[in-house]
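Note sheet for the following structure.
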Amino acid sequence: GAFNRHQLDAGFERFSVLTHERGFRFSLALFDIDHFKEVNDTHGHLAGDQVLKDIAAIIHDEIDRRHIFIRYGGDEFNLLSLHHDLAQMALFCETLRAAIETTMDGITMSFGVSTWHGAGDTMHSLMERADRALYCSKEKGRNSVSTEGETECCTICANANPENHR
């Protein structure tokens with residue numbers, strides 16, 4: 001399964017200390033199920049709950065002790081990953097995205113990835129950058145992985161109405 005959102009701050013604190021003291025890297029992915037409301041509306045909430053459980057199982061099979069997997073709320077998830085820079089995290093998320101797409105029969109996910117920028121970085125800014133990248137994935141047509149480095153799209157998405165991207 002996944003931790004609940006209350007583990008996010010503690011995980012950030014733990015990873016940022018390790019990163020600062022030992023020179024490790026860490027990154028964050030925000031991701032959600034594309035058109036999840038349609039799953040619930042079409043197949044019912046029990047089916048929606050099963051989709052969430054199945055996705056959590058797929059992700060759990062791919063992660064190890066370097067990861068903190070969190071269900072943030074509804075169909076939204078976070079993944080903190082120690083020893084992953086931005087490019088490594090994007091590649092790892094692409095692996096997760098593809099596994100879900102091929103396993104879940106029509107269910108897809110969109111990902112936004114950010115990386116820790118050092119001691120002055122905060123959980124809030126890390127989340128904001130990942131959230132803008134997630135909006136970028138939605139703008140690209142969903143079922144994709146975007147990073148904070150995709151500045152042109154992220155600039156557009158930073159000013160977009162989040163309700164248009166869920």
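Bear in mind the structure is a predicted one, so any value in this text is a computation, not a measurement.
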Check this for me: does any side-chain nitrogen of one of Asp34 and Arg97 sit under 4.0 Å from a carboxylate oxygen of the other? no
To the nearest 0.5 Å, atom CD1 of Ile63 lies from atom CZ of Arg65 at 13.0 Å
For the CG atom of Asp32 and the CZ atom of Phe77, what is their distance to the nearest 0.5 Å? 9.0 Å
Pairwise side-chain contact, Arg14 with Leu80, heavy-atom cut-off 4.5 Å (strictly under): no
With the side chain counted from C-beta on, respond yes when His35 and Arg142 share a heavy-atom pair under 4.5 Å apart, and no when they do not. yes
Nearest 0.5 Å, what's the CG-CG distance between Leu79 and Leu8? 11.0 Å
More than 12 heavy atoms of other groups within 6.0 Å of Phe24 CZ: yes
Testing the basics here: between Lys140 and Val145, what is the closest heavy-atom pair and its distance to 0.1 Å? NZ-O, 3.3 Å
May I have the step-by-step check of side chain to side chain contact (heavy atoms under 4.5 Å, CB included) for Glu148 and His117, ending in yes or no? CA-CA 11 Å; Glu148 69 177 58; His117 289 238; 2.5 Å; yes
Treating Asp121 as the side-chain partner and Trp116 as the backbone partner, does any N or O pair qualify as donor plus acceptor under 3.5 Å? no
Flag, side chain of Asn143 to backbone of Thr108, donor-acceptor distance under 3.5 Å: no
Determine yes or no for a side-chain-to-main-chain donor-acceptor pair under 3.5 angstrom, with Gln7 supplying the side chain and Asn4 the backbone. no
Could you tell me whether a side-chain N or O of Ser114 sits under 3.5 Å from a main-chain N or O of Leu126, the two making a donor and an acceptor? yes
May I ask you to decide if Glu13's main-chain N or O and Ser16's side chain share a donor-acceptor pair within less than 3.5 Å? yes
Under 3.5 Å donor-acceptor, Ser137 side chain and Ser144 backbone: yes
Closer than 3.5 angstrom, by distance alone: can the side chain of Thr103 be matched with the main-chain N or O of Ile100 as a donor-acceptor pair? no
Distance (rounded to the nearest 0.5 Å) between Ser146 OG and Lys138 NZ: 10.5 Å
Residue pair Ile59, Phe31: steps toward the side chain to side chain contact (heavy atoms under 4.5 Å, CB included) verdict: CA-CA 12 Å; Ile59 292 169; Phe31 48 106; 3.3 Å; yes
In terms of heavy-atom contacts, does CG of Asp105 have more than 12 from other residues, nucleotides or ligands at under 6.0 Å? no
If only side-chain N and O atoms count, and only distance matters, is there a donor-acceptor pair under 3.5 Å linking Thr115 with Asp85? no
4.5 Å side-chain heavy-atom contact, Leu30 and Tyr135: no
So do Asn40 and Val51 actually touch side chain to side chain, heavy atoms under 4.5 Å? no
Do the non-hydrogen side-chain atoms of Met89 and Thr147 ever get within less than 4.5 Å of each other? no
Applying side chain to side chain donor-acceptor pair (under 3.5 Å), name anything that partners Lys53, two or more places apart in sequence or on another chain. none
Once rounded to the nearest 0.5 Å, what's the spacing between atom CD1 of Ile33 and atom CD1 of Ile55? 3.5 Å
Give the minimum heavy-atom separation between Arg71 and Ala2, together with the two atoms involved. N-CB, 3.7 Å
Between Val113 and Phe92, does a side chain to side chain contact (heavy atoms under 4.5 Å, CB included) hold up when you go through it step by step? CA-CA 10 Å; Val113 178; Phe92 185 70; over 6 Å; no
Roughly how far, to the nearest 0.5 Å, is the CG atom of Asn78 from the CE atom of Met123? 6.5 Å
Do Met127 and Tyr72 make a side-chain contact, defined as non-hydrogen atoms from C-beta onward lying under 4.5 Å apart? yes
Please evaluate residues Asp131 and Glu128 with respect to the criterion side chain to side chain contact (heavy atoms under 4.5 Å, CB included), reporting the C-alpha separation (whole Å), side-chain torsions for both, the decisive distance (0.1 Å), and the verdict. CA-CA 5 Å; Asp131 199 37; Glu128 280 186 338; 5.6 Å; no
Using atom types as modelled and distance alone, determine if a side-chain donor or acceptor of His84 lies under 3.5 Å from a backbone N or O of Leu82. yes
Is any side-chain heavy atom of Phe12 less than 4.5 Å from a side-chain heavy atom of Leu28? no
Ser81 side chain to Ser27 backbone, donor-acceptor under 3.5 Å: no
Are Met109 and Leu96 side-chain neighbours, meaning at least one heavy-atom pair lies under 4.5 Å? no
